[in-house]
Every structure is written in structure tokens, then in C-alpha cells.
Colleague: 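Here it is, the structure in full.
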Amino acid sequence: MKSFTKHLSIKTKEKMEMINITSQVEQAVRESGIKEGLCLVNSMHITSSVFVNDEESGLKQDFLDWLEKLAPYNVEKYRHNLTGEDNAHAHLKRTIMGREAVVAITEGRLDFGPWEQIFYGEFDGQRNKRVLIKVIGE
Ligand code: ZN
């Protein structure tokens with residue numbers, strides 16, 4: 001079995017932002033040379049997510065609006081922020097949207113269902129973050 005590891009560096013312009021990283025993951029799969037296997041993609045931070053959904057600008061804004069209702073940015077609201085941080089909302093949003101995506105590789109390509117794309121969801125951005133891509137297989 002072969003394995004291949006790559007890190008993406010991401011620094012968003014906005015504090016909260018959703019970025020389509022499908023083409024970078026496809027590039028990593030090509031670089032790996034693996035034809036049959038699995039591709040794991042995960043955020044290496046507890047205030048950002050990796051998830052699979054549809055590339056549609058209305059939907060991305062719907063996610064952000066929904067998350068803001070569930071876990072609003074409000075420094076006074078959370079016990080975590082008593083430590084001097086202001087990002088409790090981002091920890092909660094990350095947990096809702098998930099840490100990672102795993103996609104099968106078939107005949108050298110990401111084997112998606114209809115409309116599936118891989119996104120990086122940032123909830124405490126404007127600083128350097130990393131995404132891990134790990135490809136395993138034959
Ligand atoms: Zn924190």
C-alpha cells in the first residue's frame with residue numbers, strides 16, 4: 001500500500017468564509033499516483049471545518065446564516081471566552097460542520113456523488129491555518 005501526505009496553507013480574507021478546495025485535493029490525488037484507495041482531508045484546527053456539499057453561493061450563505069443562529073458571535077455569551085478568547089462560537093461552528101471528509105478514489109479520481117465538492121469552512125480566520133490531505137491505496 002502506498003501513502004501520500006500534503007498540507008494546504010489557508011489564510012482567509014474574512015473571519016468566516018467557505019472555500020471550495022476540490023481542485024487542490026484533486027491535484028494531491030494526481031500527485032499521489034494512487035488509483036484505488038481513500039483520500040482523507042481534515043482541518044488541523046479546532047475553529048475550522050472540512051465538509052462535503054454543493055458549490056452554490058446561496059447555499060454557502062445559508063450555511064453561514066444557519067451557523068450564526070446556532071452559535072452566534074457574542075463574546076459575553078460563552079464560558080470559553082472567560083479565558084480571554086473571543087472564539088467560542090468558532091469552536092461550536094467547527095463541531096457542527098465537522099473535522100474531515102473522506103472520499104473514495106476510483107480509477108485515480110475522487111469518486112463523488114452528484115454535485116459533491118469539498119469545502120474548507122473557516123470560523124476564526126485572517127490567520128494561517130492548515131489542511132491535511134492523506135491519500136492511501138494502491
Ligand atoms: Zn478558543
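Numbering of ligands and ligand atoms starts at 1, following listing order. Everything quoted here is computed from the prediction, not taken from an experiment. The chain is numbered in sequence order, starting from 1. Heavy atoms only: backbone and side chains are in, while hydrogens, waters and symmetry mates are out.
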Colleague: Provide the atom name of the closest N, O or S atom of E85 relative to the Zn ion (ligand 1).
Modeller: OE1
Colleague: Output all residues satisfying side chain to side chain contact (heavy atoms under 4.5 Å, CB included) with A90, sequence neighbours left out; order by chain, then residue number.
Modeller: T47, N87, F123, D124
Colleague: Is the shortest distance from a Lys or Arg side-chain nitrogen in E122 or K15 to a carboxylate oxygen in the other one below 4.0 Å?
Modeller: no
Colleague: So which of the N, O or S atoms of H91 lies nearest the Zn ion (ligand 1)?
Modeller: NE2
Colleague: Residues two or more places apart in sequence or in another chain: which of them pass side chain to side chain contact (heavy atoms under 4.5 Å, CB included) with Q117?
Modeller: N20, T22, E55, F119
Colleague: Do Y120 and F51 have ring centres separated by under 6.0 Å?
Modeller: no
Colleague: Assess N81: does it contribute an N, O or S atom lying under 2.8 Å from the Zn ion (ligand 1)?
Modeller: no
